[in-house]
Each structure stands twice: as C-alpha cells, then as structure tokens.
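Notes follow once the structure below has been shown.
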Amino acid sequence: MMAAECRRIGEAGFAKRQLERADSEAEPRRRQWADVAKIWEDEDVLIRDGTIGDSMRDAEIHMDALGSNREPFHPNSYPSPWPLVPFSTEPYKFQQIIPFRLLPEKLVVHDPFEVLSSTHLGSFDEGESNEWLSKPDKTYSYHLELLPDTIEAIEKDRQVTIKQRSENETVAIFESNDGFKSHRIRFSDSYSFQSNLSSGSNTIRITVPPSLPFPSSTPIAHLHLSPARSIGEGNHSYVYSAEWEVPRSIFVGWHICRRCVMIEAERIYLERKADPTMAESLGDIHVDNVPWYRPGVDSVEHCRHHSQEEKPESNEASSFSCPPTSLVSVIAKLSIQHDTHLANESKNYQRFPDWMSEHWSGLTFALPIRNLARCGAIVPSWYGYYVPDKEEKGAEEGEGGRKKGYLSPIMLMEDCGVPIVPEELTRKDIYACCSLLTRFHYHGWLHNSFASRNILISYGDHTFNPYRREREVAEAKNLMAITKEHKIQPYYGLDNENEEDLMKDNQKRFRLIDFGRTQWVGDLMGDGMKETLGYSEDEMPKEKELGRTYAEELFCASPTFKERWEKKRESEKEQINQMVNWYFC
C-alpha cells in the first residue's frame, strides 16, 4: 500500500530497491484462528481422565430436570462422563467468527439464580450460594433477533452455499510414474484434476464420494448464567462470563483419512493389475469404503492413523465417543429494563464489515499516528442478540433488585479481556490503543462513548491452542532468540530488553467495545443528502488505508457535513489525549 501511495504522488524514483522489494511482498492474508477441533480433542482427553470438569451424572438428583430442559441435548446423547456441571471447568474462550446463517436460532437459557431479572450485579444476597447445583435449574426460551437486511443477506448466503455444494465434486488425485512407489496424494476438485493431468504420464486417478453437506443453520444452543461469573456493570448494562453450549458440527469441517484412502486404493490397484481384463481401468480407482468424519465430533473406529497422531506407538485402532456439543466461554451482556443501548449495539455489530473482527497479516499506518500498527481485529466477534419468547416470564417476586416479570435481552460476544489501566501502558501500548480508534474513524465510524473502560486488553494470540501452551511459548522464545542473535528489533517491542516481558508484550491484544451510541458516517447525513450524493453503502470502498478516508470521500459535496464530522471526530481525539496524557495528534 505504501508503494502504491509513493507511485500515486510521483515519488517512486527515490527508493527503487525498496519499491522492488515491496512489489515482491505477499498479499495480506487473514490469520486463521486456532483449530477448534484440536482444542476440543485436547479438552476431551483431560475430561475423560478426570483432570478437569465434574460430571452431571454424579448429581443424579438433577438428571430428570436436565433431561426435560435440554432437548434435543438429551443426556442419553452424551458418552460418560458428559454432560458436565456448568462452571465446573474453564472452557475455551471462543474467538472464532460465526457466519450469521449459523447463529443459533433458539437459545435455551439456564438461569437458576434469576440473573436475567436482576437490575444490578449487587442484587444477590451475600450469603447466597453461587454453586450451580445449589438451586433447581430454571430455563427460559429465547430467539435470535436480526435486522431485515441481515436476514435477507443470510438467505442469499444460504442459496450460494447450496449451489456450490451441488456443483462441487470432491476427488482425491494421486499421480505417479511408478505405480504406488512414490506416495504423493492431494485433494482437489474435478476441474483441477483435468487441468493438472499431464499427458503421457502413468497417472492414477483416485476418487472418493463427496462428504455430507455442512450445516446451513443451527436450530438451538444453550446458555448458562451464574452471578459468580459477573464481570462488570455499566450505566445501561451488566456483563457476565457465560458458558455457551453449542453443537460441535457447525464449527468442524469434514475430513477423510488420506492414508486409509491410499491403502485401499493400492489394494484395488494391485488386484486389477493382476487381472489382464482390468488393465484399462488401472488409472481410475474409486474408493467408497473410507468414511468421512469430523474431528472431535465423530468417532473414527475404522482408522488407526487418527489415534496414532496422539499415540504413535500404537498399532491398534482406538475409538472414543465424542459429545455432540461443547461448552465455550463467551461474554453475555444484559440490559436494564426499558433501555435501548443493547439493541442499538447489536444493530451496529450487524453492520460492521466482517474484517473488523478479523486478524490480518502485516502492519498499517493508522493516520494521523505515524507508528506502525497491527492489522488486527478492531471489535469483538458477535454471536447474536437474543430476546425472550412472548410466553416467557421473569422473576415472580420483585425483591432484592429483581424486576417482577422482567427478562433481559442477551447479546453474546467474544471475551476480549479486561479494561486497560492507562497508567500501566507503555508507549507502544498507547500507539496500539489509539490506532484502534483512528482506524475506526478512518472507515467511517464514530464511537460516541469513548473511554479507557471501553478498550480491552488480553494476552495471547488467537492462533494459540490453550492446551498446547507450553509448546507454543517455547516456539515464541525460540523466535525471540533468533531475532536477538541477528540483532532484529521486533516491531512491537518493549521499552526494556527483558525477554520474558518482551514475550508478554508481544502477546498483548487490544479491542474496542461498547457501541450502543456508535454512528456510521452515512447515518449523519439526511436522506436528502444521501440522494444528492448518490450514496450507497455497498459502493463505499472496501479497502483504503492511505489517502482519503471514507468520510472525506463525501466532504467535497457537502462542506456542512464535513464540519459536523470533524467536530465529532476531534472530540473523540481529545478524549484519547486526556486519557493517556500524551498528544499523538
């Protein structure tokens, strides 16, 4: 992007070598999250061993209620020791983005402590037990509420998915000039196979049946709330760390054991080769007895290779039944009665572009800040806005801060850490925090409720597997040793040279939250102004990091609008300056 900007302003002749190097750089890529299937597999091992989690099967007094309230997540669907007692373990903090079409349409909320009917975090008696099994379970039925535009986009997305599913044929391709002596196998589609098929070579084509379709919707999920997991309270809402029980199938794709495919294909190949009448069919082998499976969802009784990934010394096929659902940790944000901020915030999350909650490779200038910033996520991932069904009723008694008959709506989102403490920030941290807001401004959004409490900090990259932390930390230390040996200064270093602090600093991640008052640039213009400018949200540029901002694209047509926008944006910049006592612009 910087090279393109240099060429645009006519300064490409001053650093030819650097520009040539820039031209050879790879394109930005989305940095994928940790493989949730592997995380659940690692977690399952610890649960089976009894290292983490308490089994609900040990609490027989609650099993009847559990069965009636967890349909279709019936206990009989779970292998022992599942299902687990809620909040008896620390589940994975869910960070992945869920497409809107896969958000659960119905939410069964387990709330034995009547958290949904409370008006503040202090509405529970000090002597009241917060242990999950100390009270009978109470469940409430909620449903997903989306904007009409979001619903329309979901239907289009589903139609595209169905069309692609009907057109794609999954095949496995094995190419060799010497039979099965050189084992090279790759999976592609039939078009790629034809384009890669070299004439004159002894190519063996191996096909497998297509996998089952990926779910296009999620009918139901469960949520568990406890006052013991309260996080904080604001002027309009209160926040809890909740356990979200979701079907594993919506997060895990279909896999097939390639080694099993190879073994079976080689067996068929040798049988045909020994039969002269089958000589013409040596190059086209179809394997239909190796099943597809979903890691962490389906058992793989037929395959010993899967178990050898964990225990390479074993030659026997081992199988463990997997639970159909998993508990993950998310943030549940509740609203006080008659307040609209939570609903407004959910609408804004639906309007944010996808990349605002994605992590990308590389660095960017978040002007007017002149320091490089990560191309990380600006906002948390959003997991839906749920409102109670009409027939549901809240607490029967209006005592102890509980509103009679009131049930709060629920917004689910990613857990991004805790609010920053400005006095504890390094200069690099200040740059990172300020860049969040300037990038937010740059893409045409005003926060309108900016404060230090609305910037969160967490430690650890989203690619980390929490159950393989030691190995990943060792890799990070090894990388630091290499950078130190070659005298390479990390782009996000500390003000000191302590290696442990440096590693901790490199893992700092910041995020903006609280968008109940947030406005988009188009919302500041009247309908007449939109028609005059020919404004369309779909036509706004998707990627702009240098040059004019989204708002500035409209300034030439409306000086009045420019004045309104600059006044609001300067107000938020001043809030940053006051917060960190360091004027960056």
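Hydrogens, waters and symmetry mates are skipped; everything else that's a heavy atom, side chains included, is used.
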Exercise. Below 4.5 Å, heavy atoms only, C-beta onward: do Phe510 and Ile420 meet side chain to side chain?
Worked result: yes

For this session: State, yes or no, whether a side-chain contact exists between Leu327 and Pro86 at a heavy-atom distance under 4.5 Å.
Result: no

Exercise. Can a salt bridge be assigned to the pair Asp157 and Arg101 using a cut-off of 4.0 Å between side-chain N and carboxylate O?
Worked result: yes

Problem set entry | Heavy-atom closest pair, residues Gln95 and Trp33 | O-NE1, 3.1 Å

Problem set entry | Spacing of SG belonging to Cys416 relative to CD1 belonging to Ile457, to within rounding of 0.5 Å | 12.0 Å

Problem set entry | Under 3.5 Å donor-acceptor, His447 side chain and Leu512 backbone | no

Exercise. Would a distance-only check, ignoring hydrogens and angles, find a side-chain to backbone donor-acceptor pair under 3.5 Å from Thr340 to Ala343?
Worked result: no

Problem set entry | Non-neighbouring partners of Phe100 that pass ring pair (Phe, Tyr, Trp, His ring centres under 6.0 Å), sequence neighbours left out | Trp382

For this session: Mind checking the OG1-CG spacing from Thr218 to Leu103? Nearest 0.5 Å is all I need.
Result: 7.5 Å

Exercise. Which pair of non-hydrogen atoms, one from Ile331 and one from Ser241, has the smallest distance, and what is that distance?
Worked result: CD1-CA, 4.4 Å

Problem set entry | Note: Glu345-Lys333 ion pair, threshold 4.0 Å (strictly below) | yes

Seminar exercise, completed: Looking only at heavy atoms, the pair that brings Ala221 and Trp244 closest together is CB-NE1, 3.8 Å

Seminar exercise, completed: So the salt bridge (Lys or Arg N to Asp or Glu O under 4.0 Å) pairs with at least one residue in residues 220-229 (sequence neighbours excluded) are Glu90-Arg229

Exercise. Under a 4.5 Å cut-off applied to non-hydrogen side-chain atoms, are Phe87 and Glu243 in contact?
Worked result: yes

Problem set entry | Any side-chain heavy-atom pair of Arg517 and His236 under 4.5 Å | yes

For this session: First locate atom NE2 of His224, then atom OG1 of Thr139, and finally report the distance between them rounded to the nearest 0.5 Å.
Result: 10.0 Å

Exercise. Between Tyr92 and Trp40, does the ring centroid distance fall short of 6.0 Å?
Worked result: no

Exercise. Is a side-chain N or O of Ser226 found less than 3.5 angstrom from the main chain of Ala228, in a donor-acceptor match?
Worked result: yes

Exercise. Is there a side-chain contact between His110 and Leu225, using heavy atoms and a 4.5 Å cut-off?
Worked result: no

Seminar exercise, completed: Rounding to 0.5 Å, atoms CG (Asp111) and CG (Leu407) come to a distance of 8.5 Å

Exercise. Are any non-hydrogen side-chain atoms of Trp132 and Pro112 less than 4.5 angstrom apart?
Worked result: yes

For this session: May I ask you to decide if Ser346's main-chain N or O and Gln350's side chain share a donor-acceptor pair within less than 3.5 Å?
Result: yes

Exercise. Does Thr438 reach the main-chain N or O of Cys434 with its side chain, forming a donor-acceptor pair under 3.5 Å?
Worked result: yes

Problem set entry | Worked verdict on Phe515 versus Phe440 for ring pair (Phe, Tyr, Trp, His ring centres under 6.0 Å) | CA-CA 12 Å; Phe515 304 104; Phe440 200 62; 5.6 Å; yes

For this session: Mark yes or no for whether Thr325, through its side chain, and Val246, through its backbone, hold a donor-acceptor pair below 3.5 Å.
Result: no

Exercise. At their closest point, which heavy atom of Ile378 faces which heavy atom of Arg511, and how far apart are they?
Worked result: O-CG, 3.4 Å

Exercise. Does Ser335 offer a backbone N or O that forms a donor-acceptor pair with the side chain of Asp339 under 3.5 Å?
Worked result: no

For this session: Run the numbers on Asp42 and Asn465 for side-chain contact (heavy atoms from CB on, under 4.5 Å), then give the verdict.
Result: CA-CA 9 Å; Asp42 293 338; Asn465 182 331; 3.2 Å; yes

Problem set entry | Residue pair Tyr386 / Met411, side-chain heavy-atom distance below 4.5 Å | no

Exercise. Under the criterion side chain to side chain donor-acceptor pair (under 3.5 Å), which of Glu43, Arg248, Glu245 is the partner of Ser326?
Worked result: Arg248

Exercise. Does a side-chain N-to-carboxylate-O contact under 4.0 Å join Arg31 and Asp461?
Worked result: yes

Seminar exercise, completed: Distance col, row Asn344:CG vs Gln519:CD, nearest 0.5 angstrom, shows 10.5 Å

Problem set entry | Nearest atoms (heavy-atom pairs only) where Arg374 meets Lys508 | NE-O, 4.4 Å

For this session: Look up atom CD1 in Ile336 and atom CG in Leu342, then write down how far apart they are to the nearest 0.5 Å.
Result: 10.5 Å

For this session: Go through the steps for Leu334 and Tyr240 under the test side-chain contact (heavy atoms from CB on, under 4.5 Å), then give the verdict.
Result: CA-CA 8 Å; Leu334 311 183; Tyr240 293 87; 3.8 Å; yes

Exercise. Of all heavy-atom pairs between Ser216 and Leu102, which one has the smallest distance, and what is that distance?
Worked result: C-CD2, 3.8 Å

Exercise. Under the 3.5 angstrom rule, does the side chain of Ser357 hit a backbone N or O of Ser381 as a donor-acceptor pair?
Worked result: no

For this session: Please confirm whether the backbone N or O of Gly417 pairs with a side-chain atom of Asp415, one donor and one acceptor, at under 3.5 Å?
Result: yes

Exercise. Between Ile410 and Val109, is a side-chain contact (heavy atoms from CB on, under 4.5 Å) present by the stated rule, with each step listed?
Worked result: CA-CA 10 Å; Ile410 305 171; Val109 183; 3.8 Å; yes

Exercise. Do Lys106 and Ser141 come within less than 4.5 Å of each other through their side chains, counting heavy atoms only?
Worked result: yes

Problem set entry | Side-chain donor or acceptor of Asn454 paired with backbone N/O of Ser449 under 3.5 Å | yes

Exercise. Please walk me through it: do Tyr349 and Tyr385 pass ring pair (Phe, Tyr, Trp, His ring centres under 6.0 Å)?
Worked result: CA-CA 10 Å; Tyr349 270 109; Tyr385 177 69; over 10 Å; no

Exercise. Can you check side-chain contact (heavy atoms from CB on, under 4.5 Å) on Leu412 and Leu223, steps first, answer last?
Worked result: CA-CA 10 Å; Leu412 301 182; Leu223 186 75; 4.0 Å; yes

